Protein chains: 2
Amino acid sequence: MRVSLKDVAAHAGVSIKTVSNVVNNFQHVTPAMRERVQRSIDELGYRPNLTARHLRAGRTGIIALALPELGNPYFAELAAAVIDTAAEHDYTVLLDHTGGRREQELLVSQGFRARVIDGLILSPIELETEDLRDRAENVPLVLLGERDYDLPYDHIAIDNVAAARAAVAHLVGLGRREVAFIGARRGRNEPAQLRVRGWREELTAAGLPVDEGLVAATDGWGHADGAAAMTRILDAGRRPDAVFAYNDPMAIGAMRVLHARGLRVPEDIAVVGFDDVVEGRFGAVTLTSVSPDKGAIGRLAVESVLARLGGAAPEARRVWAEYRLVERESTLGRSGASEGTNG
Amino acid sequence: MRVSLKDVAAHAGVSIKTVSNVVNNFQHVTPAMRERVQRSIDELGYRPNLTARHLRAGRTGIIALALPELGNPYFAELAAAVIDTAAEHDYTVLLDHTGGRREQELLVSQGFRARVIDGLILSPIELETEDLRDRAENVPLVLLGERDYDLPYDHIAIDNVAAARAAVAHLVGLGRREVAFIGARRGRNEPAQLRVRGWREELTAAGLPVDEGLVAATDGWGHADGAAAMTRILDAGRRPDAVFAYNDPMAIGAMRVLHARGLRVPEDIAVVGFDDVVEGRFGAVTLTSVSPDKGAIGRLAVESVLARLGGAAPEARRVWAEYRLVERESTLGRSGASEGTNG
DNA sequence: TTGAAAGCGCTAACAT
DNA sequence: ATGTTAGCGCTTTCAA
């Protein structure tokens, strides 16, 4: 059986309040009393019931972080940042994964997955503005990620258009003329939208043609999807001199295909990824990538939810985190290992 | 303000019980009454307070999963399996990361990190048997991973010694004589211990010398650690013809160093990893790896905790999950792509 | 079929 | 400095 305050009180021959005082390190308890109660606590193996405390306090000290996938190290790193920042504020993080599936994202946003939470940080993939508009849930919500929403919620992200432009500018600056984009999806408001826009804008600014035939759609955003997209481009008889991928895993999958077909990176085709995951630094050809400040994003997200917890309702705002373009072998070759900055 | 059952009852002009009946889809409620109450619920935007339910029920429906690091995709995949299995049983998973730090692992095992849980699944790195012996916590604990403990807790893992032997046997079968091991640690009971033992046993069984000078210790278990260890081995003037790494990231880190030094994999040095993470399938040289059945491990772990939740106390047992050795280019070269099975 | 009331374990206001 | 008690929001006997 579980031991409660009452049990300890009875055992020590004192009132519940006194035990509570000891448990909570209350000021005014005589050392003698404290020790006597502590003995009972130890003897009975008493542990406070958090659920009861939460009910009493009206809050749980838990915030949820719902991510598309844990397998992508980008999200893992982000999660670590969130967990650490939350811990600094005495908050625990309940991590959830949606698989980037609309169903799951809806459930999470409506609070059906984990309702013991004080706040929610959500990184949506499929959700539309309308899905979020009539959210019946009352815990604060903060959005993460590259989708564009017109909603009264804080949204933490980097400037995806600008970051994509920086990536393409880097490629164009190296003399590349035909830059493929891997990882788009059909549809107006899709995750890659802003990055495709950046790709388009920068090509135009450079006076290069925008060839929509070089935009490869994919089902998912993993290594295999990047490989499949690259294969499709090559099989279509196209031979771009550069590839900009939606994220690092896809870029790495694409490089695998290039390698298997005897195409050299970057000599024949330069490759740029997005997210700067550790993996990209240890391939046979290290990967140039847009590196968002994950630590900042995680920290800002937590602070944003917590700010709304006290009942305060600051106006919803869009927060831009920093990013850099990290240049490596996949664009510079074996010689260059500079780590240029931007953003 | 938050709306409670009482508010709804007042608004609908009925008793709390009736509202509760409607909320919980209780049998005996007249359709008229149900609709009337439902209207009030919708109008007021009532949402049940889970914390109160939990207090009442004496359980939360949450189990915690504490992992060393989320960044390693192996753990991410494991987590996904745990989350899915838990969901099937109407349980939510609170994911925690310990960073493989003893302090954090202790806190978790003692229940100081997340005390709202019904059960705990822990994958320890640093914890010793004694650390766990006098655990004052009363929620069921299930252990994961390659460490060896003599404790009254269920422990789910693959047979690490046998798996390591299979990996080394594969290398020896290909004619390799000098197999280095990357990722050991000093100390009797350390994570890599069983794998080192398997390495030792298989070499001995094959009549090969066991050269402890080919065992490279590391601080952590990431790409960079593998790269550093490989560098150290080569800089010491050693030139093994095979490397068996504690896990895939380390193996990949080692391959990067080999590549940078102009050594060919597998011609000059064959490489085997452990965990079979996705990344290993998309490098310039795909990675041969021991592939534990992550799905089974996750499922067994959840079922194991849940079995102890009802107050039942089955005898603690060691559960072995399956594994396979997946053979790829890092040992077979570009020609062979078989996926041999084992275990 | 619906209502009244007790109690889950805790904290805090109030009383002693 | 310590004790009494109400109440957080819910479920669940028991009664009507």
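Per chain, numbering begins at 1; letters A, B, ... match sequence-line order. Keep in mind that this is a model prediction, so the values were computed, not measured.
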Quiz prompt | Exercise: identify the closest heavy-atom pair between B/D150 and B/R133 | solution = O-NH1, 3.8 Å
Quiz item: Rounded to the nearest Å, what distance is computed from the CG atom of residue A/N21 to the C1' atom of nucleotide D/dA1?
Solution: 9 Å
Self-check item: Residue A/V14, side-chain atoms from C-beta onward, closest of D/dC10, D/dG3, C/dT2
Solution: D/dG3
Practice problem: Measure from the side chain of A/T18, starting at C-beta and using heavy atoms only, and say which of C/dT2, D/dT2, D/dC10 lies closest. | Solution: D/dT2
Quiz item: Hey, is the side chain of B/T30 poking within less than 4.0 Å of OP1 or OP2 on C/dT2, counting only N and O atoms?
Solution: yes
Exercise. Check the side chains of A/Y153 and A/R308 for a donor-acceptor pair under 3.5 angstrom, ignoring hydrogens and angles.
Key: no
Practice problem: Between A/S15 and B/V23, just flag the one whose closest nucleotide in DNA chain D comes earlier from the 5' side. | Solution: A/S15
Practice problem: To the nearest Å, give me how far apart CD1 (B/I16) and P (D/dA15) are. | Solution: 20 Å
Practice problem: Report the distance from atom CZ of A/R53 to atom C1' of C/dC8, rounded to the nearest whole Å. | Solution: 16 Å
Quiz item: What's the closest nucleotide to the B/M33 side chain, out of C/dG3, D/dG9, C/dT2?
Solution: C/dT2
Self-check item: Nearest-neighbour nucleotide for the B/R56 side chain, C/dC8, D/dT13, C/dG9 considered
Solution: C/dC8
Self-check item: Criterion side-chain contact (heavy atoms from CB on, under 4.5 Å) against A/I41, the qualifying member of A/L5, A/V3, A/V23, A/D7
Solution: A/V23
Practice problem: Measure from CG on A/L44 to C1' on C/dG9 and round the result to the nearest Å. | Solution: 15 Å
Quiz item: Between B/S4 and B/Y46, which heavy-atom pair has the shortest distance, and what is it?
Solution: C-CE1, 3.7 Å
Quiz item: Can you tell me how far C1' of D/dC10 sits from CZ of B/F26, to the nearest Å?
Solution: 15 Å
Practice problem: From the options C/dC10, C/dA13, C/dG9, select the nucleotide whose nearest atom is closest to the side chain of A/L5. | Solution: C/dC10
Quiz item: In whole angstrom, what separates B/H28's NE2 from C/dG3's P?
Solution: 16 Å
Self-check item: Toward the 5' end of DNA chain C, by each residue's nearest nucleotide, B/A57 or B/G13
Solution: B/G13
Self-check item: Value in whole Å for how far the P atom of D/dC10 lies from CZ of B/R47
Solution: 12 Å
Quiz item: D/dC10, D/dC8, D/dT2: which one has an atom nearest the side-chain heavy atoms of B/K6?
Solution: D/dC8
Quiz item: Is there a side-chain polar atom (N or O) of B/N24 under 4.0 Å from OP1 or OP2 of D/dT11?
Solution: yes
Quiz item: Is B/L50 touching bases, backbone alone, or none of the nucleic acid, heavy atoms closer than 4.0 Å?
Solution: nothing
Practice problem: Check each of A/I62, A/V302, A/L309, A/V305 against A/Y91 using the side-chain contact (heavy atoms from CB on, under 4.5 Å) test, and report the only one that passes. | Solution: A/L309
Self-check item: Euclidean distance, atom NZ of residue A/K17 to atom P of D/dA1 [Å, nearest integer]
Solution: 11 Å
Quiz item: Of the nucleotides D/dC8, D/dG3, C/dG3, which one has an atom closest to the side chain of A/L55?
Solution: D/dC8
Exercise. Would you name the heavy atoms of A/V142 and A/S304 that are closest together and state the gap between them?
Key: CG2-OG, 3.4 Å
Exercise. Could you please name the option among C/dT2, C/dG9, D/dT11 that lies closest to any side-chain atom of B/S20?
Key: D/dT11
